[in-house]
Engineer: 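Right, I'll just put the structure down here and ask away after.
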Amino acid sequence: MTPADYIKQVPKAELHLHIEGSFEPELMFQIAQRNKIAIPYESIEELKKAYQFGNLQDFLDIYYAGANVLIHEEDFYDLTMAYFQHCAEENVVHTEIMFDPQTHTKRGIAFSTVINGIQKARVEAESKWGISSLLIMSYLRHLSEEDAFDTLAQSLPYKHLIKAVGLDSSEKGNPPSKFQKVFDASVKAGYIPVAHAGEEGPADYIWEALDLLQVARIDHGNNCLSDISLVDRLVNEKMALTVCPLSNTALRNVDEIKNHPLKKMLDLGLKATVNSDDPAYFGGYLTQNYLDCIEALDLTLEEVKQLVRNSFEYSFLPEGRKQELIAQL
Ligand code: HPA
Ligand code: ZN
């Protein structure tokens, strides 16, 4: 079997996906109309033309603007169901979904509205397609630590629905050290810590995520490659990296997919996984991320199998379901 045929049909997991980043322009226009909110673009085509990013911040500006049309529980439900529909079509059997409460609470939307809409979709996806999922509540790092503490407090009534906390948004100038106290408190509350690090920021931020936030996974982590002793540590600790190839090229962190370091990461013994990050903005869902890497990097069937195995191995699934899914490969 070719690696491309294999990846299209095999059951797989996604570990790095921002639900707000799965907001397709068509659904955005539909919800905007329903909520009588004006979008500063005449048409879906015009909006899509704006998806040309020079860096992470260019993208974030549009991503937060797009999220503005999400008002009601039903909107968050529709958004999440649309993502699960893609999972069902691609045989993604498990997904770990990040959501950014502050993107919504800052606009006056209640935490409960956001999480209840997402939760309703999770339950439906599980019963309709057997897709398991869990939630990673991500703190926006361009905001203050105090703001993150407020978010942590608001999450506590929904603690049973949230597995982990993450750290996303503008990386440069907002190091993990800024959030050490709120991560300590989040772990005490029972959440698993993860963080975006080394996407645009330096290898130092990955050291901080490991040493100060005690993360269980690094989101992205590409810039570890500039620091050999850091690579050694990540390999020795079997620290997974949730790599997002099409995100890296869309945000110009990698110039072309043929220069993506995914294969090099595997060669070094790093526990890389493939993920879509913000698929509505970066040009493809999970399978497309794999397919583009298979073609551009000439990944072997063995390498693709390793990536798929990693997606389960480094998930936060209970051991029983994890082993059950790995056995199906
Ligand atoms: N990086 C940082 N923050 C984000 C991203 C990303 O790729 N997507 C959504 N928030
Ligand atoms: Zn991300």
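For clarity, every value in this text was computed on a predicted model and none was experimentally measured.
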Engineer: Please report the shortest heavy-atom distance between Ser170 and His142, naming the atom on each side.
Structural biologist: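 Result for this residue pair: OG-CB, 4.0 Å.
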
Engineer: Parallel under 30°, tilted from 30 to 60°, perpendicular over 60°: which one fits the rings of His18 and His196?
Structural biologist: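 The rings of His18 and His196 sit tilted, inter-plane angle from 30° to 60°.
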
Engineer: Could you check if a side-chain atom of Tyr83 sits within less than 4.5 angstrom of a side-chain atom of Ile118, using non-hydrogen atoms only?
Structural biologist: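 Side chain of Tyr83 against side chain of Ile118, heavy atoms only: no contact under 4.5 Å found.
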
Engineer: Do Glu73 and Thr113 meet the criterion of a side-chain donor-acceptor pair at a distance under 3.5 Å?
Structural biologist: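 Checked: Glu73/Thr113 side chains show no N/O donor-acceptor pair below 3.5 Å.
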
Engineer: Is a side-chain donor-acceptor pair under 3.5 Å present for Asp292 with Gln288?
Structural biologist: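 Yes.
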
Engineer: Establish, from distance only, whether the side-chain atoms of Tyr51 and Asp58 form a donor-acceptor pair under 3.5 Å.
Structural biologist: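 Note: Tyr51 and Asp58 side chains miss the donor-acceptor criterion.
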
Engineer: Check for me whether the distance between the ring centres of Tyr158 and Phe111 falls short of 6.0 Å.
Structural biologist: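 Ring centroids of Tyr158 and Phe111 are less than 6.0 Å from each other.
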
Engineer: Gln9 and Asp5: side-chain donor and acceptor closer than 3.5 Å?
Structural biologist: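 Short answer, no.
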
Engineer: Scan side-chain atoms only and decide if Ser226 and Asn223 contain a donor-acceptor pair under the 3.5 Å cut-off.
Structural biologist: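 Result is no, nothing qualifies.
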
Engineer: Distance from Cys244 atom SG to Asn253 atom CG, nearest 0.5 Å?
Structural biologist: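 So the gap between those two atoms works out to 10.5 Å.
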
Engineer: Quick one, Asp168 and Asp219 - any side-chain contact, counting heavy atoms below 4.5 Å?
Structural biologist: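 Of all side-chain heavy-atom pairs linking Asp219 with Asp168, none is under 4.5 Å.
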
Engineer: For residues Thr80 and Asp78, is any side-chain donor paired with an opposing acceptor at under 3.5 Å?
Structural biologist: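 No - no donor-acceptor pair under 3.5 Å links their side chains.
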
Engineer: Below 4.5 Å, heavy atoms only, C-beta onward: do Leu266 and Leu307 meet side chain to side chain?
Structural biologist: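 Side chain of Leu266 against side chain of Leu307, heavy atoms only: contact under 4.5 Å found.
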
Engineer: Think Lys159 forms a cation-pi with Tyr191, using NZ or CZ under 6.0 Å from the six-ring centre and within 45 degrees of its axis?
Structural biologist: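 No, Lys159 and Tyr191 do not form such a contact.
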
Engineer: Once you round to the nearest 0.5 Å, how far does NE2 of His260 lie from NZ of Lys258?
Structural biologist: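 Rounded to the nearest 0.5 Å, the NE2-NZ separation comes to 14.0 Å.
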
Engineer: Are Phe76 and His104 close enough that their ring centres sit under 6.0 Å apart?
Structural biologist: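 Ring-ring flag for Phe76/His104: true, centres closer than 6.0 Å.
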
Engineer: May I ask you to decide if Ile7's main-chain N or O and Lys12's side chain share a donor-acceptor pair within less than 3.5 Å?
Structural biologist: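 A pair under 3.5 Å: yes.
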
Engineer: Counting only N and O atoms by type, is there a donor-acceptor contact under 3.5 Å from the side chain of Glu171 to the main-chain atoms of Gly201?
Structural biologist: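 A pair under 3.5 Å: yes.
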
Engineer: Do Ser276 and Asn289 meet the criterion of a side-chain donor-acceptor pair at a distance under 3.5 Å?
Structural biologist: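 Distance-only check fails for Ser276 and Asn289.
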
Engineer: Hey, is the main chain of Glu126 close enough, under 3.5 Å, to the side chain of Ser132 for a donor-acceptor pair?
Structural biologist: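 No, because the side chain of Ser132 does not come within donor-acceptor range (under 3.5 Å) of the backbone of Glu126.
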
Engineer: Determine the minimum heavy-atom distance between Ser169 and Arg141, stating which atoms define it.
Structural biologist: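 Heavy atoms of Ser169 and Arg141 come nearest at O-CD, 3.5 Å.
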
Engineer: Do the non-hydrogen side-chain atoms of Pro175 and Trp207 ever get within less than 4.5 Å of each other?
Structural biologist: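 Answer no - side chains too far apart.
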
Engineer: As a quick check of understanding, evaluate side-chain contact (heavy atoms from CB on, under 4.5 Å) for Tyr314 and Lys238, giving each step before the final call.
Structural biologist: CA-CA 9 Å; Tyr314 299 100; Lys238 295 190 165 56; 4.1 Å; yes

Engineer: Is it true that the NZ or CZ of Lys120 lies under 6.0 Å from the centre of Tyr77's six-membered ring and within 45 degrees of the ring axis?
Structural biologist: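 Cation-pi check for Lys120 and Tyr77: passes.
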
Engineer: Would you confirm whether Arg309, through its side chain, and Ile326, through its main-chain N or O, come within 3.5 Å as a donor-acceptor pair?
Structural biologist: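 Here the side-chain-to-backbone pair does not exist.
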
Engineer: Considering only heavy atoms from C-beta outward, does the side chain of Val254 approach that of Pro261 to under 4.5 Å?
Structural biologist: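 Answer yes - side chains close enough.
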
Engineer: We want to know whether Asn310 and Gln306 form a side-chain donor-acceptor pair, criterion being a heavy-atom distance below 3.5 angstrom.
Structural biologist: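 Yes.
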
Engineer: Just by distance, with hydrogens left out, do Asp184 and Ser186 show a side-chain donor and acceptor under 3.5 Å apart?
Structural biologist: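 Checked: Asp184/Ser186 side chains show no N/O donor-acceptor pair below 3.5 Å.
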
Engineer: Would you sort out whether Ile192 and Val187 count as a side-chain contact (heavy atoms from CB on, under 4.5 Å), showing the intermediate values?
Structural biologist: CA-CA 6 Å; Ile192 297 172; Val187 169; over 6 Å; no

Engineer: Counting only heavy atoms not in Glu146, do more than 12 fall under 6.0 Å of its CD?
Structural biologist: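 It does not: Glu146 CD has 12 such atoms or fewer within range.
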
Engineer: Mark yes or no for whether Gln33, through its side chain, and Gln30, through its backbone, hold a donor-acceptor pair below 3.5 Å.
Structural biologist: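 Judged by distance alone, no pair lies under 3.5 Å.
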
Engineer: How long is the span from the CZ atom in Phe282 to the CZ atom in Phe59, to the nearest 0.5 Å?
Structural biologist: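 Taking CZ in Phe282 and CZ in Phe59, the distance rounds to 4.0 Å.
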
Engineer: Just by distance, do the side chain of Glu96 and the backbone of Leu134 share a donor-acceptor pair under 3.5 Å?
Structural biologist: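 No, because the side chain of Glu96 does not come within donor-acceptor range (under 3.5 Å) of the backbone of Leu134.
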
Engineer: Are the side chains of Leu301 and Thr2 in contact, using a 4.5 Å heavy-atom criterion?
Structural biologist: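 Counting from C-beta outward, Thr2 and Leu301 never come under 4.5 Å.
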
Engineer: Rounded to the nearest 0.5 Å, what's the gap from OH on Tyr63 to CG on Asn68? Could you check?
Structural biologist: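 So the OH of Tyr63 and the CG of Asn68 are separated by 12.5 Å.
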
Engineer: Begin from the C-alpha positions of Glu199 and Leu251 and carry the test side-chain contact (heavy atoms from CB on, under 4.5 Å) through to its verdict.
Structural biologist: CA-CA 10 Å; Glu199 177 187 16; Leu251 301 185; 3.7 Å; yes

Engineer: Just to verify, which of Asp255, Asp277, Asn222, Asn259 counts as forming a side-chain hydrogen bond (donor to acceptor under 3.5 Å, both in side chains) with Asn248?
Structural biologist: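 Only match with Asn248 under side-chain hydrogen bond (donor to acceptor under 3.5 Å, both in side chains): Asn222.
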
Engineer: Within the 4.5 Å heavy-atom criterion, are Leu161 and Met137 side-chain neighbours or not?
Structural biologist: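 The answer is no, as the side chains (C-beta and beyond) never meet within the 4.5 Å cut-off.
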
Engineer: Find out whether the Lys NZ or Arg CZ of Arg217 is both under 6.0 angstrom from the six-membered ring centre of Phe316 and within 45° of the ring's axis.
Structural biologist: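 Judged by the rule (NZ or CZ under 6.0 Å from the ring centre, within 45° of its axis), Arg217 counts as positioned above Phe316.
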
Engineer: Could you walk me through whether Asn55 and Glu200 pass side-chain contact (heavy atoms from CB on, under 4.5 Å), step by step?
Structural biologist: CA-CA 9 Å; Asn55 54 35; Glu200 267 193 352; 3.5 Å; yes

Engineer: Distance from Leu212 atom CG to Lys178 atom NZ, nearest 0.5 Å?
Structural biologist: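 Between Leu212 CG and Lys178 NZ, I get 14.5 Å after rounding to 0.5 Å.
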
Engineer: Could you verify whether a donor N or O on one side chain and an acceptor N or O on the other, from Gln323 and Glu319, lie under 3.5 Å apart?
Structural biologist: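 Checked: Gln323/Glu319 side chains pair up, N/O donor to acceptor below 3.5 Å.
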
Engineer: Side-chain heavy atoms nearer than 4.5 Å, only ILVMFWY residues, links allowed to pass through others: does that put Ile228 and Leu268 together?
Structural biologist: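 No, separate clusters.
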
Engineer: State plainly whether one hydrophobic cluster holds both Phe99 and Val182, where clusters connect Ile, Leu, Val, Met, Phe, Trp and Tyr through side-chain heavy atoms under 4.5 angstrom apart.
Structural biologist: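 Linked, Phe99 and Val182 end up in one cluster.
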
Engineer: Is the His220 to Tyr205 ring centre distance short of 6.0 Å?
Structural biologist: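 His220 vs Tyr205: aromatic centres not under 6.0 Å.
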
